**Q** 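Quick one: the structure is below, and I'll ask about it shortly.
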Number of protein chains: 2
Amino acid sequence: MKISEVSEQSGLSVDTLRYYEKIGLLPPVNRTDSGIRNFDELDLRRVNFIKCMRAAGLPIEVLIEYYALVQQGDETIEARKQILQKQRAQLVTKMAEMQETLDLLNHKIQVYENAVLKKEQELTD
Amino acid sequence: MKISEVSEQSGLSVDTLRYYEKIGLLPPVNRTDSGIRNFDELDLRRVNFIKCMRAAGLPIEVLIEYYALVQQGDETIEARKQILQKQRAQLVTKMAEMQETLDLLNHKIQVYENAVLKKEQELTD
DNA sequence: TTACCACCTGGAGTTGGCTCCAAGTCAAGG
DNA sequence: CCTTGACTTGGAGCCAACTCCAGGTGGTAA
């Protein structure tokens, strides 16, 4: 699978995919004879996992660290679990904050809606 | 209220507060005779609103635009409402993405937990 | 065979949002 | 009086995460 196809499928830009490989977030992807990247199924899954984690705001650094541990085999399972647990906790916190913001936005919007209604009423009074 | 107190109360750094005023996200705050900022109740509320919105990822630009409309009075109520609605929609989308990520994290952590259990079991076999 | 297009590279530039610094002013306490 | 500490300013620096660019290669199609 060519980089443009991976880009299309994942929603990450071609530049971002190359950037991820350059900094080691993606492993060196296999190439054709002429040097063109040829993403395989495993690469694909990794790209999508990364995309999901990044969308939720997990730092690239953390993901690199995580994959470094994956690389090192089974003894690192506990460490990996702990990384994920920590990120999960942070995610939960962030979602709670966002829920608060959402409530506040809903409230404000409601206030504006009432203001509009009141204005209309004044016009027809 | 002095800037350090506002900082403490809001959790935003002193530098950030001054930065927000500099870029026009906060209005020019009243000063004492010797030029020291003296935040009033209204400033306080604005700071806390901004903090909440920023924590949820609303861009500074949008907030500046919003307050510019507030400044212009009642004719802009509809426009303000639309800004908030748009941001709310984006927030809802983002929260849904984060929920997906959370589910995935939970799943992965579960897999690791099982792996640990299995390993322990092998040891006692 | 030449024109085009997608790919490649290293490296520079951009964006958003702070964060820090140097140099200066003031009010209060010892 | 003088030192200390919190405040002031303009501007520079920093960080994460891209994003763009110039210059080059290689396969396909008119």
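Note that this is a predicted model, so its numbers are computed, not measured. Lettering follows sequence order; numbering is per chain, from 1.
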**Q** Among C/dC20, D/dT8, D/dC18, find the nucleotide with the atom closest to the side chain of B/D15.
**A**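 Given the options C/dC20, D/dT8, D/dC18, the side chain of B/D15 is closest to C/dC20.
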**Q** Choose from C/dC7, D/dT8, C/dT19 the nucleotide whose nearest atom is closest to any side-chain atom of B/R37.
**A**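 The listed nucleotide nearest to B/R37's side chain is D/dT8.
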**Q** To the nearest 0.5 Å, what is the distance between CD on B/E113 and CD1 on A/I77?
**A**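 It is 11.5 Å, given to the nearest 0.5 Å.
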**Q** Any side-chain donor paired with an acceptor under 3.5 Å for A/R37 and A/N30?
**A**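 No donor-acceptor contact under 3.5 Å links the two side chains.
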**Q** Starting at atom CZ of B/F39, determine the distance to atom C1' of D/dC7, rounded to an integer number of angstrom.
**A**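 It is 12 Å, rounded to the nearest whole Å.
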**Q** Looking across every strand, which nucleic acid part, if any, lies under 4.0 Å from B/R18 by heavy atom: base, sugar-phosphate, or nothing?
**A**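 Answer is base: heavy atoms of B/R18 come under 4.0 Å of a base.
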**Q** In whole angstroms, how far is the C1' atom of C/dG17 from the NZ atom of B/K51?
**A**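 Between C1' of C/dG17 and NZ of B/K51: 16 Å.
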**Q** Looking at every strand, decide which applies to B/K2 at a 4.0 Å heavy-atom threshold: base, sugar-phosphate, or nothing.
**A**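 Touches sugar-phosphate only.
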**Q** Write down the distance between CD (A/E5) and C1' (C/dA6), rounded to a whole number of angstrom.
**A**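 Atom CD in A/E5 sits about 11 Å away from atom C1' in C/dA6.
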**Q** Can you tell which of D/dC7, D/dC18, C/dG17 lies closest to the side chain of B/I3?
**A**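 That would be D/dC7.
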**Q** Check the distance between C/dT9's P and A/I36's CD1 and give it to me in whole angstrom.
**A**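 After rounding, the reported distance stands at 10 Å.
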**Q** Got more than 12 heavy atoms from elsewhere within 6.0 Å of NZ, B/K119?
**A**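 Yes, the 6.0 Å shell around NZ holds more than 12 heavy atoms from other groups.
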**Q** Without decimals, in angstroms, what is the distance between B/M1 CE and D/dA6 C1'?
**A**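 B/M1 atom CE is separated from D/dA6 atom C1' by 16 Å.
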**Q** Can you tell me which nucleotide in C/dG11, D/dG11, D/dT8 comes closest to the side chain of B/K22?
**A**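 Per side-chain heavy atoms of B/K22, the pick is D/dG11.
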**Q** Rounded to whole angstrom units, what separation is found between the CG atom of B/L17 and the P atom of D/dT9?
**A**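 Between P of D/dT9 and CG of B/L17: 13 Å.
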**Q** Has B/S34 got a side-chain N or O lying under 4.0 Å from the OP1 or OP2 atom of D/dT8?
**A**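 Checking D/dT8 against B/S34, no side-chain N or O comes under 4.0 Å of OP1 or OP2.
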**Q** Just by distance, no angles: are the side chains of A/R80 and A/Y66 close enough, under 3.5 Å, to form a donor-acceptor pair?
**A**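 No, because no side-chain N or O of A/R80 sits under 3.5 Å from a partner of the opposite role on A/Y66.
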**Q** Out of D/dA6, C/dC8, C/dG17, which has the shortest distance to the side chain of B/S4?
**A**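 When the side chain of B/S4 is considered, D/dA6 is the closest of D/dA6, C/dC8, C/dG17.
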**Q** Can you tell which of C/dC7, C/dT19, D/dC18 lies closest to the side chain of A/I60?
**A**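 The answer is D/dC18, which lies nearest to the side chain.
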**Q** Using the six-membered ring wherever Trp is involved, compare the ring planes of A/Y67 and A/F49 and label them parallel, tilted or perpendicular (cut-offs 30° and 60°).
**A**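 Answer is perpendicular, since the angle exceeds 60°.
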**Q** Has A/Y19 got a side-chain N or O lying under 4.0 Å from the OP1 or OP2 atom of D/dC20?
**A**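 Indeed not, no polar side-chain atom of A/Y19 lies that close.
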**Q** Nearest whole angstrom, please: distance from the C1' of D/dC18 to the CD of A/E61.
**A**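 After rounding, the gap between these two atoms is 15 Å.
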**Q** Could you tell me how far apart A/D33 (CG) and C/dC7 (P) are, to the nearest whole angstrom?
**A**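 After rounding, the gap between these two atoms is 17 Å.
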**Q** Below 4.0 angstrom from OP1 or OP2 of C/dC18, is there any side-chain N or O of B/Y20?
**A**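 True: B/Y20 side-chain N/O within range (under 4.0 Å) of C/dC18 OP1/OP2.
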**Q** D/dT19, C/dC18, D/dA17: which one has an atom nearest the side-chain heavy atoms of A/S13?
**A**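 Taking heavy atoms from C-beta onward, the closest nucleotide is D/dT19.
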